[in-house]
There are 2 protein chains.
Amino acid sequence: MSRMTTARALIYETLETTQEHMTAYQVFDAVKPRLPSLNMSTVYRSLEYLTHEGLISVADVGEGMPIYEAVSNTHHHLVCEGCKKILIVEHEQVKGFFEKISQEYDFTIHTNHLILFGLCEKCRRAKENQSEELPKSLHP
Amino acid sequence: MSRMTTARALIYETLETTQEHMTAYQVFDAVKPRLPSLNMSTVYRSLEYLTHEGLISVADVGEGMPIYEAVSNTHHHLVCEGCKKILIVEHEQVKGFFEKISQEYDFTIHTNHLILFGLCEKCRRAKENQSEELPKSLHP
DNA sequence: TTAGAATTTGCATATAATTGCAATTGCAGA
DNA sequence: TCTGCAATTGCAATTATATGCAAATTCTAA
Ligand SMILES: [Zn+2]
Ligand SMILES: [Zn+2]
Ligand SMILES: [Zn+2]
Ligand SMILES: [Zn+2]
């Protein structure tokens, strides 16, 4: 049977308290003082465990390492590929879509932290003022 | 200016021809015979480049390494966390949602390969026949 | 063509993440 | 409380991915 050990509890508590996205290393740095024996393997394994239990979520926002956060108020993100800004999307805006897909494909969706990439309004405008520069050999 | 080099072109061609999801290593193995000097660093850098150009897409389906594929017919996936099965979702089913979010947040969505995790119908039923087993200390 | 500038590649190295295994810890039952 | 089993952890080693830099390649324009 699986166990909620000291390491796992402290890691979860940290994410829950911080209420911020943290990388595995940030979690390690935050918990280490309270659990000096803590090892990076344990951090990785605990994060995987907590994710699997649905207590935290992990997201790759394309900049370096994946980030983890406690699952409390379900939400999602828009990540701008231009300025790297991360916006929050309320679950309310996504719910309907999930339900539709669930029904259509008879599939229960667990994903609770959707990451959508694209361009924010500012970056889109900035880009419109440049001529497209495709690699030459791919030009029509 | 960026260049469509031999390595990049062969890597893209491989993904385009195969029409399958491939890991970085599978791409390497497939291209190496035609370009013996090929190096894994180049594979990783080329895949990153092609992704950035929007020619291929990358997805982490939770099983081992990320997988790459040519962007041709836009589609998405449902990944069952029980049996690991990967279903295809037509873009038609997603389009409306993307448009709604785009308008609501004034954000141009580029994401073209959405991965949603959950449970397929079979695995959901299988699970319903088990008593939930939460870690003891988290029980209410 | 050919020279020169700019980009990309290979290689070596660094960093991130995973895994096998023995030691430790947590839990259930006596 | 104590005992014994099973799950977890630390550590070392492995694998996956990223990066600095010099050499090679590609492109441009003379
Ligand atoms: Zn978030
Ligand atoms: Zn932006
Ligand atoms: Zn796909
Ligand atoms: Zn399934």
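Every chain is numbered from 1, with letters handed out A, B, ... down the list of sequences. Quick note: numbers below take in every heavy atom, side chains included, and nothing from hydrogens, waters or symmetry partners. Quick caveat, the model's predicted, so the values are computed rather than measured.
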Novice: Picking from C:dA16, C:dG20, C:dG26, which would you name as closest to the side chain of A:R45?
Specialist: C:dG20
Novice: Out of C:dT9, D:dT17, D:dT26, which has the shortest distance to the side chain of B:P66?
Specialist: D:dT17
Novice: Does a side-chain N or O of A:Y44 approach OP1 or OP2 of C:dA16 to a distance below 4.0 Å, or not?
Specialist: no
Novice: Kindly state which residues belonging to residues 31-41 of chain B come within less than 4.0 angstrom of DNA chain C, counting heavy atoms of the residue only, listed by number.
Specialist: B:S37, B:L38, B:N39, B:S41
Novice: Taking atom P of C:dA17 as reference, at what distance in whole Å does atom CE of A:M65 sit?
Specialist: 6 Å
Novice: Is the distance between the ring centroids of A:H52 and A:H110 less than 6.0 Å?
Specialist: no
Novice: Do B:Y68 and B:M65 land in one hydrophobic cluster if side-chain heavy atoms of ILVMFWY residues count as linked below 4.5 Å?
Specialist: yes
Novice: Looking only at side-chain N and O atoms, does B:E69 offer a donor or acceptor that is under 3.5 Å from a partner on B:H113?
Specialist: yes
Novice: When the distance from CE of A:M1 to C1' of C:dA28 is rounded to whole Å, what number comes out?
Specialist: 9 Å
Novice: Between atom CG in A:L47 and atom P in C:dT18, what is the gap in whole Å?
Specialist: 10 Å
Novice: Check this one for me: any side-chain N or O of B:T5 less than 4.0 Å away from OP1 or OP2 of D:dT25?
Specialist: no
Novice: Want to know the stems of DNA chain D: at least 3 consecutive Watson-Crick or G-U pairs with distances under 3.5 Å, which are they?
Specialist: C:1-30 with D:1-30
Novice: To the nearest Å, give me how far apart CD1 (A:I67) and C1' (C:dA16) are.
Specialist: 16 Å
Novice: State whether A:E13 and A:R34 are salt-bridged, where the test is any N-O pair (Lys NZ or Arg NE/NH1/NH2 against Asp/Glu carboxylate O) under 4.0 Å.
Specialist: yes
Novice: Quick one: do the A:R8 and A:S46 side chains pair a donor with an acceptor below 3.5 Å?
Specialist: no
Novice: In whole angstroms, how far is the C1' atom of C:dT15 from the OH atom of A:Y25?
Specialist: 7 Å
Novice: For the side chain of B:A24, starting at C-beta, report the closest nucleotide among D:dT17, C:dA17, C:dT8.
Specialist: D:dT17
Novice: Can you check whether A:V79 reaches A:L116 side chain to side chain, under 4.5 Å on heavy atoms?
Specialist: no
Novice: Within this structure, what is the OH-to-P distance between A:Y49 and D:dA6, rounded to whole angstrom?
Specialist: 19 Å
Novice: Taking N and O atoms by type only, does the side chain of B:R3 place a donor or acceptor under 3.5 Å from a partner on the base of C:dA6?
Specialist: yes
Novice: Distance check needed: C:dT9 P versus B:E48 CD, whole Å only.
Specialist: 12 Å
Novice: With side chains defined as the heavy atoms from C-beta onward, is the minimum distance between A:F117 and A:I115 less than 4.5 Å?
Specialist: yes
Novice: Can you tell me the distance, in whole Å, between the CG atom of B:L10 and the P atom of C:dT9?
Specialist: 11 Å
Novice: Between A:T6 and C:dG26, does any side-chain N or O lie under 4.0 Å from OP1 or OP2?
Specialist: yes
Novice: Pick from B:L10, B:L47, B:V71: which one makes a side chain to side chain contact (heavy atoms under 4.5 Å, CB included) with B:L15?
Specialist: B:L47
Novice: Report, as yes or no, whether the 6.0 Å neighbourhood of atom NZ on B:K100 holds more than 12 heavy atoms from other residues, nucleotides or ligands.
Specialist: yes
Novice: Distance only, no hydrogens: is a donor on one side chain within 3.5 Å (strictly under) of an acceptor on the other, for B:H75 and B:E90?
Specialist: no
